[in-house]
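To start, the structure under review is shown below, and the notes come after it.
Letters A, B, ... are given to chains in the order of the sequence lines, protein chains preceding strands, and every chain is numbered from 1.
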Amino acid sequence: MPSLYGKQITDGKTPMLLTITRNLEKTLLRSISERYGIRYDSLSYTVPPKIELGELALPVAFDLARRVRRPPAQIAGELASDAGRLPGIGRVEVAGGGYLNFHLDRGALARDLARSIGRERFGCETDPGPGGKIIVEHTNINPNKAAHIGHLRNATLGDSFVRCLRFLGREVEVQNYLDNTGVQVADVVVGLERMQNRTLEEVAAIGGKFDYVCWDVYAQVSDFYQRSEENKQWRSRTLQAVEAGGNPTAELAQHVAMRIVDAHLATMERINVRYDLLPRESEILHLHFWDTAFRLLKERGAVYYVDEGKNRGCWVMNTAEAPVEAPRAESEDDEKIIVRSDGTVTYVGKDIAYQLWKFGMLGLDFQYRKYPRETGHPLWITAAEGDGADAPRFGHAERVYNVIDSRQAYLQSIVVQGLRALGYTAQADNSIHFSYEMVALTPACCDELGFPLTEQDRKRPYVEVSGRKGLGVKADDLLDALELKALGEVRARHSLPEEEARRIARAIAVGALRYFLLRFSRNTVIAFDLREALSFDGETGPYVQYAAVRAGNIFRKLEESGEKAPPLEGAHPGLDAFLEENDEIWDLVCQAARFPEIVRQISQNLELGQLCKYAFSLAQKFNLFYHKHHILSEADPLRKGHLLLVVDLVRRQLEKALDLLGCEVPARM
RNA sequence: GCGCCCAUAGCUCAGUUGGAUAGAGCAUCUGCCUUCUAAGCAGAGGGUCGCAGGUUCGAAUCCUGCUGGGCGUACCA
């Protein structure tokens, strides 16, 4: 029977509830072994359907019943008597024909949670020995056009995952890789230089939203290539010039790439996404990362030169599971080109070098420069020459997560295969493709946005976003629409100074957007629906934010009337009886206590949607509580104190959950 | 062709440990603002968990086959 928490990665902190369940597991495993002579590696817990039935349930008696051929309820009864005297557990019951249901000590757990929250731990207890550094690579937008909704899904997944890991006490380095020497940049350079005949000076003089300008240029360049063979040749020529560097075309490419990078950073800052390092592909090339990796790959025979057939003149990697001696024509299908016949390197090739560097296995390092941003968060970029500043020690990770959409699974597997071929088995095992499905547009949405569709596309459930066709919803446009709508809602409710109203509208817009993109499971294709994305009602970020704002208002009003909230680390006399008598309120507290457990699960299954679901259900339970109990007018001071404590616990957990989702709690809503 | 993924309420989705009566939101309908803000709350209707077998005390969940759809299999990424 698999463990509740699956394969453990060494996290820095342990959820409070987990300490209780671990104790319980230890005791029960021993007693099962002694009573029935059966050994399990671990026990799996579930949550009972109703809080009246307890907080934890074990279905282990059903499995034992079959093995020892006795009724499950009888077995559960025997185990119950063994587990009744553990710290933190109030009582044990047998229910549902054989479930072992545990009722926790409500007062003790609530007090522990309050103390933990007071110490900014939110229910996590410190565990010794955190693991090594984790690198999370995300965003990675080709710096040749404006960011679109698909990129936003990537960035929010990556960013919230990073927030979760850091919450659990892990050291995390966030890298946003810039493919500034790739084909896509070259395409825009061809568009500007060859199609529009513009010089660097002329391009530099282009005002307004440069990423939007390039969006259109990129969408037109396919046509340009199709017009003549000569046009098409500019692609390869330009790419070679860009890779080589030190020529006007390369200079233009770098101007384009870095200006677009600035635009992307600005877009991501709007939704609270930050990075630690911007590794550039140009440095992978110019600092000979690729040359070194290439030499290693050749020495190990992981790549070989092809002098006949369709891959003639290329260096390739054989991707067949077991390399077989087959006729050329057949093995060709299993070859992935690493170096093209014109001598340029594919993305995968450069990515192998980059991945080796992330683990500190290349024996080379970048130079670094500070990259100025106004976020307060230090950002660095790789450079051929440093600026003398004291850069942190980048790279040298124990584990690497690459947040990349599922369509690139094949390429990611080749990178890992490259590591394996070089003998870096542990690093290959610790290279994790954080895979997620794309964001697509429904045909209806395309109509609404004025994109023409073919008859064939019209029949599909959704159409892929395509930068090449200029088909997609730009990130900034969507954010603008969200902010505008939110501003309208704010103004309808409050008369506030313009600046404050806008600040609140921004927080709501970000809350709506990030929640919308995170709430789906990773392998669900998001068929983008504008109406749904713009919604602030129901299961949305603003719903959760609203609950947090309501909770905050109670404390604001309390202070305005000159009263004080009960301290989190107080003795709270009478709390035990209060929680025993109020199942619904206890259910709310218990849900608040589960928070770190959810984060821990996410660190293992990478499903950020579970954090959304958690925050939403906590907000839902809070709204129910808020509706039923009028706190400030409560006459009984003791009861009022308990209610305030509950609000405080929930509010702090809600705020932290929102923080991990990358959402802020506005001052009012 | 081969590989991976998906199919759950009218719509969009949870249900990643095989467990108790399959859950949310939206939409529809009925109520609730003199209150710590109604971006809220309460209630109603709505299900052959794609189909057919199998394993199991127990299957939306695991296995096999089928049907329908998506993605990948580029000298793009």
Side-chain angles (χ1 to χ4, degrees), chain A residues 1-6 42-46 48-50 53 57 59 62-63 65-66 72 95-99 101 140 142 179 182-184 187 235-236 310-314 316 319 333-334 336-342 344 346-348 351 404-411 435 437-438 440 460-462 464 468 486 489-490 492-494 508 519-527 529 531-532 535-540 542-543 545-547 549-558 601 604-607 609-610 612-613 616-617 620 623-624 626-633 647 668-669:
Chain A
M1 205 177 280
S3 155
L4 172 53
Y5 303 100
S42 58
L43 297 176
S44 63
Y45 293 90
T46 63
K50 279 183 182 170
L53 294 169
F62 293 106
D63 192 64
R66 186 175 66 237
Y99 281 94
N101 285 353
N140 297 13
N142 270 303
D179 188 1
V183 178
Q184 294 210 21
D187 283 338
R235 186 184 219 188
S236 173
K310 65 172 185 181
N311 295 337
R312 187 157 53 97
C314 299
V316 302
T319 60
D333 294 339
D334 294 325
K336 175 65 199 170
I337 289 161
I338 305 296
V339 179
R340 303 183 187 99
S341 57
D342 64 3
T344 56
T346 58
Y347 174 85
V348 195
D351 213 20
I404 304 178
D405 80 75
S406 61
R407 288 169 295 186
Q408 297 192 46
Y410 171 66
L411 296 195
S435 167
E437 271 290 352
M438 63 180 159
R460 294 165 157 272
Y462 47 76
E464 274 187 70
R468 207 165 283 279
E489 300 281 342
V490 172
R493 289 169 176 79
H494 313 280
I508 293 168
R519 55 178 256 244
F520 301 91
S521 68
R522 285 185 292 134
N523 54 10
T524 296
V525 177
I526 300 181
D529 181 281
R531 198 183 56 92
E532 213 180 314
S535 170
F536 300 152
D537 301 324
E539 202 205 319
T540 65
Y543 177 97
Q545 289 171 311
Y546 185 59
V549 167
R550 281 176 142 183
N553 282 345
I554 293 173
F555 287 96
R556 187 169 49 81
K557 287 258 170 162
L558 188 75
Q601 264 174 44
Q604 284 158 30
N605 65 21
L606 319 182
E607 291 293 358
Q610 291 180 358
C612 295
K613 293 281 180 298
F616 177 67
S617 83
Q620 229 177 2
N623 273 333
L624 175 63
Y626 180 92
H627 186 253
K628 276 194 168 174
H629 307 277
H630 198 271
I631 293 143
L632 293 182
S633 63
V647 177
R668 58 184 77 215
M669 276 180 83

With rounding to the closest Å, how many angstrom separate the C1' atoms on U67(B) and U30(B)? 42 Å

Contact class for Pro461(A) (heavy atom, under 4.0 Å): base, sugar-phosphate, or nothing? sugar-phosphate

What distance, rounded to whole Å, do you find between the two C1' atoms, one in G23(B) and one in C57(B)? 25 Å

From the set C36(B), C5(B), A14(B), return the single nucleotide nearest to any side-chain atom of Asn553(A). C36(B)

Any side-chain heavy atom of Lys613(A) sitting closer than 4.5 Å to one from Glu539(A)? yes

To the nearest Å, how far apart are Ile508(A) CD1 and A39(B) P? 11 Å

Could you work out which one of A24(B), U12(B), G40(B) sits closest to the side chain of Glu539(A)? A24(B)

Are there any protein N/O atoms within less than 3.5 Å of an N/O atom in nucleotides 54-63 of chain B, and if so, which ones and at what distance?
{"from": "C57(B)", "atom 1": "N4", "to": "Arg66(A)", "atom 2": "NH1", "distance (Å)": "3.3"}

Stepwise side-chain hydrogen bond (donor to acceptor under 3.5 Å, both in side chains) test for Asn553(A) and Arg550(A): CA-CA 5 Å; Asn553(A) 282 345; Arg550(A) 281 176 142 183; over 6 Å; no

Among C26(B), U37(B), U17(B), the nucleotide that comes nearest once only the side chain of Asp537(A) is considered: C26(B)

Would you call Tyr410(A) and Lys336(A) a side-chain contact if the rule is heavy atoms closer than 4.5 Å? yes

Please state how far atom CD1 in Ile526(A) lies from atom P in G70(B), giving the value in whole angstrom units. 19 Å

Could you please name the option among G15(B), A20(B), C36(B) that lies closest to any side-chain atom of Ala57(A)? A20(B)

Distance from Ile508(A) atom CD1 to Glu489(A) atom CD, nearest 0.5 Å? 8.0 Å

Could you give the distance separating G68(B) and C51(B) at their P atoms, to the nearest angstrom? 15 Å

Only counting residues at least two apart or in another chain, list the ones meeting salt bridge (Lys or Arg N to Asp or Glu O under 4.0 Å) with Arg668(A). none

C1' spacing across the pair C6(B) / A42(B), given as an integer number of angstrom: 36 Å

Any side-chain N or O of Arg556(A) under 4.0 Å from OP1/OP2 of C36(B)? no

With Lys50(A), which residues qualify under salt bridge (Lys or Arg N to Asp or Glu O under 4.0 Å), at least two apart? none

Just checking Arg531(A): base, sugar-phosphate only, or nothing, at a heavy-atom cut-off of under 4.0 Å? sugar-phosphate

Please report, rounded to the nearest Å, how far the C1' atom of G70(B) is from the CG atom of Asp405(A). 13 Å

RNA chain B: His629(A) or Ala527(A), which has the more 5' nearest nucleotide? Ala527(A)

What do the steps show when you test Arg519(A) against Phe616(A) for side chain to side chain contact (heavy atoms under 4.5 Å, CB included), and what is the final call? CA-CA 10 Å; Arg519(A) 55 178 256 244; Phe616(A) 177 67; over 6 Å; no

Over how many whole Å does the gap from Asp529(A) atom CG to C13(B) atom C1' extend? 12 Å

So if I take every side-chain heavy atom of Leu53(A) and compare against C13(B), U37(B), A20(B), which nucleotide ends up nearest? A20(B)

If we take the C1' atom in both C36(B) and C29(B), what is their distance in whole Å? 31 Å

Can you tell me how far the CG atom of Asn311(A) sits from the CZ atom of Arg340(A), to the nearest 0.5 Å? 12.5 Å

Criterion side chain to side chain contact (heavy atoms under 4.5 Å, CB included) on Val647(A) and Phe555(A), from CA distance to verdict: CA-CA 9 Å; Val647(A) 177; Phe555(A) 287 96; 3.5 Å; yes

Using a heavy-atom cut-off of 4.0 Å across all strands, would you classify Glu489(A) as base, sugar-phosphate, or nothing? base

Protein-to-nucleotide contact annotation, 5' to 3' order, nucleotides 71-77 of chain B [B base; S sugar-phosphate only; - none; under 4.0 Å, heavy atom]: SSS-BSB

On a whole-Å scale, what distance lies between the C1' atoms belonging to C49(B) and A9(B)? 10 Å

If you define the side chain from C-beta out and look only at heavy atoms, does anything of Phe520(A) sit under 4.5 Å from Glu437(A)? no

Using the six-membered base ring of U35(B), report whether His630(A) stacks on it, requiring centroids under 5.5 Å and planes under 30° apart. no

Between Asp405(A) and Arg407(A), does any side-chain N to carboxylate O distance fall below 4.0 Å? yes

For a 4.5 angstrom cut-off between non-hydrogen side-chain atoms, does Tyr543(A) reach Asn623(A)? yes

Under 4.0 Å between any heavy atoms, over every strand shown, what does Pro48(A) touch: base, sugar-phosphate, or nothing? Just pick one. base

Rounded to whole Å, please give me the gap between CG in Asn101(A) and P in A20(B). 12 Å

Could you check if a side-chain atom of Asn140(A) sits within less than 4.5 angstrom of a side-chain atom of Asp179(A), using non-hydrogen atoms only? no

Just how far, in rounded Å, is C1' of C26(B) from CZ of Phe536(A)? 16 Å

The glycosidic conformation of C66(B), counting syn as within 90° of 0 and anti otherwise, is anti

Quantified in whole Å, what is the P atom distance between nucleotide A60(B) and nucleotide C76(B)? 48 Å

Taking atom types as they are modelled, would you say the side chain of Glu607(A) forms a donor-acceptor pair with the base of U16(B) within the 3.5 Å cutoff? yes

Would you indicate whether the side-chain heavy atoms of Leu411(A) and Asp351(A) approach each other to under 4.5 Å? no

Output for pair (Lys310(A) NZ, Ile337(A) CD1), nearest 0.5 Å, gives 7.5 Å

Gln545(A) atom CD is separated from U37(B) atom P, nearest whole Å, by 17 Å

Nearest 0.5 Å please: distance from the CE atom of Met669(A) over to the CZ atom of Phe536(A). 8.0 Å

Take N1-N3 plus N6-O4 or O6-N4 for Watson-Crick, N1-O2 plus O6-N3 for G-U, both under 3.5 Å. Which runs of 3 or more such pairs involve RNA chain B? B:1-7 with B:67-73, B:10-13 with B:23-26, B:28-32 with B:40-44, B:50-54 with B:62-66

Identify whether any heavy atom of Lys50(A) sits under 4.0 Å from a base atom; if not, whether one sits that close to sugar-phosphate; answer base, sugar-phosphate or nothing. base

Measure all distances between protein nitrogen or oxygen atoms and nitrogen or oxygen atoms of nucleotides 41-46 of chain B, and list the pairs falling under 3.5 Å.
{"from": "C41(B)", "atom 1": "OP1", "to": "Tyr543(A)", "atom 2": "OH", "distance (Å)": "2.5"}
{"from": "C41(B)", "atom 1": "O2'", "to": "His627(A)", "atom 2": "ND1", "distance (Å)": "2.9"}

How far, in whole Å, is G25(B) from G45(B) if one measures between their P atoms? 15 Å

Counting just side-chain N and O atoms, does Thr524(A) come under 4.0 Å of either OP1 or OP2 of A14(B)? yes

Give the rounded distance in Å between these two atoms: CG of Asn523(A) and P of A7(B). 8 Å

Which nucleotide sits closest to the side chain of Glu532(A): U12(B), C36(B), A20(B)? U12(B)

Heavy atoms only, 4.0 Å cut-off, all strands: where does Val490(A) land among base, sugar-phosphate and nothing? base

